[in-house]
Number of protein chains: 2
Amino acid sequence: MADPQSSTGLDDLDLRLLAVLVRQPGRSNKALAEDLGVAESTCAYRVRALRSRGVIAGVRVVLDAAALGLPLQGVIRVRLGRHTSDGVGGLFDALVRTPGVIEVFHVAGADDFLVHVAVEDAAALRDIVLQHITVHEMVSTTETHLVFERREGIGPLARVTGAAR
Amino acid sequence: MADPQSSTGLDDLDLRLLAVLVRQPGRSNKALAEDLGVAESTCAYRVRALRSRGVIAGVRVVLDAAALGLPLQGVIRVRLGRHTSDGVGGLFDALVRTPGVIEVFHVAGADDFLVHVAVEDAAALRDIVLQHITVHEMVSTTETHLVFERREGIGPLARVTGAAR
DNA sequence: GTTGAAAACAAGCACAC
DNA sequence: GTGTGCTTGTTTTCAAC
């Protein structure tokens, strides 16, 4: 358990490859290979392998909600009354399908869901709560928090590589 | 204010382009142009314009934390005692630099920060709280919530286009 | 703002090590 | 598992509309 590749089956090249890829997603395979000091074919092979193993889950295009006319973001804490398996799953589905919803966490504890949304103004935030969340019978209470700012963290990979930054 | 492009300066082609791009980030410019029924050069031009305007904030490579050996995710609610501008900014910086931290929300309300983390096990979760969060003098209390599941929402664009799905 | 065509570039593949 | 060369396809650029 003290081997350099932890038990995830990722060797040093994989980790370096992921580190570059996370920081520079647009990087071409050719440039990536040069950075790592391996042949392009090797690099392409590794990337494909990491994709098929699911280590690379995918690629996302990130839009600026404010530039889309949605300058307000909120996190809505949702607490349920009754907890049936079907009901929770159905509510989860409904939440992620609500326009403006960026992500939803199903969590343990007093609250059941944390819903991150982007909207045009305070009225829209209220409407999301009233029309898309509290309409569900199983929802007991909600608490809406304005998001001052959201920042991305250094991420999971830094924990594996031990990268300071 | 009732014009089709809302006041964001995005026309129908922009919105259709973004819709395709968000759903299929890997799509080539050529394929994208075909989907939209415009020339490749036009398509490339629009994408570049949306990037430089900041509507397209960027592209992210998403890693599977579990595949990296971090099967446990948590949301840590952080409440502060004293609130100085410098202190809050410094803590924010420290949080996003902590290995395993995926994203951090600075929010209004009783809590000040919501910290989304991925870790190897419960002990690592405790260590993050003790070694990276409560070590800061300004932190008053924390509450750690296990994440059962996290799902991405349909997103901001659906609010602008009115896409049902 | 949009286009088609040429030139530059990168990706994918089969094969050799 | 890694490197090489060829073929294919894609991105970029630009003068013109």
Side-chain angles (χ1 to χ4, degrees), chain A residues 1-64 67-69 157 160-161, chain B residues 1-64 67-69 157 160-161:
Chain A
M1 262 286 200
D3 52 334
Q5 57 216 51
S6 285
S7 73
T8 56
L10 299 170
D11 65 14
D12 180 63
L13 182 57
D14 286 323
L15 294 177
R16 287 192 298 132
L17 191 159
L18 291 172
V20 175
L21 216 51
V22 165
R23 279 175 198 288
Q24 306 177 328
R27 205 113 181 121
S28 75
N29 182 65
K30 182 178 180 160
L32 198 52
E34 264 180 25
D35 289 350
L36 302 173
V38 297
E40 295 170 32
S41 59
T42 304
C43 190
Y45 173 84
R46 292 291 190 124
V47 172
R48 245 181 291 120
L50 288 167
R51 272 185 178 282
S52 69
R53 287 172 56 186
V55 178
I56 296 175
V59 175
R60 299 276 178 279
V61 170
V62 181
L63 304 183
D64 181 347
L68 288 171
L157 189 62
V160 180
T161 61
Chain B
M1 263 285 201
D3 52 337
Q5 58 217 49
S6 285
S7 72
T8 55
L10 299 170
D11 65 13
D12 180 65
L13 182 57
D14 286 323
L15 293 177
R16 286 191 297 132
L17 192 159
L18 291 172
V20 176
L21 216 50
V22 165
R23 277 173 200 290
Q24 307 177 325
R27 203 116 180 117
S28 75
N29 181 66
K30 180 179 179 149
L32 197 52
E34 265 180 23
D35 290 349
L36 301 174
V38 297
E40 294 169 33
S41 51
T42 303
C43 190
Y45 172 84
R46 291 291 190 126
V47 172
R48 244 181 292 122
L50 288 168
R51 273 185 179 282
S52 69
R53 289 172 56 186
V55 178
I56 296 175
V59 174
R60 301 274 178 280
V61 169
V62 181
L63 304 183
D64 181 347
L68 288 171
L157 190 62
V160 179
T161 62

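In what follows, chains carry the letters A, B, and so on, assigned in the order in which the sequence lines appear, proteins first and then strands, with residues in each chain numbered from 1.
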Atom CG of A:N29 and atom P of D:dT11 are separated, to the nearest Å, by 15 Å
At under 4.0 Å, does any side-chain N or O of B:Y45 touch on OP1 or OP2 of C:dT2? no
Distance check needed: D:dT2 C1' versus A:L36 CG, whole Å only. 14 Å
So B:A44, base contact, sugar-phosphate only, or nothing? Heavy-atom distance under 4.0 Å. nothing
Reckon A:R46 has a side-chain N or O less than 4.0 Å from the OP1 or OP2 of D:dT2? yes
d(CG, B:D14; C1', C:dG1) in whole Å: 11 Å
In whole Å, what is the span from the CG atom of A:D35 to the P atom of C:dA10? 13 Å
Could you state the CZ-C1' distance from A:R27 to D:dT11, rounded to the nearest angstrom? 17 Å
A:E40 near the nucleic acid: base, sugar-phosphate alone, or nothing, with a heavy-atom cut-off under 4.0 Å? nothing
Please state how far atom NZ in A:K30 lies from atom C1' in C:dA10, giving the value in whole angstrom units. 7 Å
Side chain of B:S28 only, please: which of C:dA11, D:dG3, D:dT10 is the nearest? D:dT10
Should B:I56 and A:V61 be marked as a side chain to side chain contact (heavy atoms under 4.5 Å, CB included) after you check the CA-CA gap, both sets of side-chain angles, and the distance that decides it? CA-CA 7 Å; B:I56 296 175; A:V61 170; 4.0 Å; yes
Using whole Å, what does the distance between atom P of nucleotide D:dG1 and atom CG of A:L17 come to? 14 Å
Backbone N/O of A:V38 and side chain of A:T42: donor-acceptor pair under 3.5 Å: no
Quick check: any donor-acceptor pair below 3.5 Å linking the side-chain of A:S41 to the base of D:dG3? yes
Go through it in stages, so that I can follow the logic: the residues are B:R16 and B:D35, the test is salt bridge (Lys or Arg N to Asp or Glu O under 4.0 Å), and I'd like the CA-CA distance, side-chain angles, deciding distance and then a yes or no. CA-CA 9 Å; B:R16 286 191 297 132; B:D35 290 349; over 6 Å; no
Ionic contact status for B:D64 with A:R51, cut-off 4.0 Å: no
Whole-Å gap separating P (C:dT2) and CG (B:D12): 12 Å
Which pair of heavy atoms, one from B:A67 and one from A:G54, lies closest together, and at what distance? CB-O, 4.2 Å
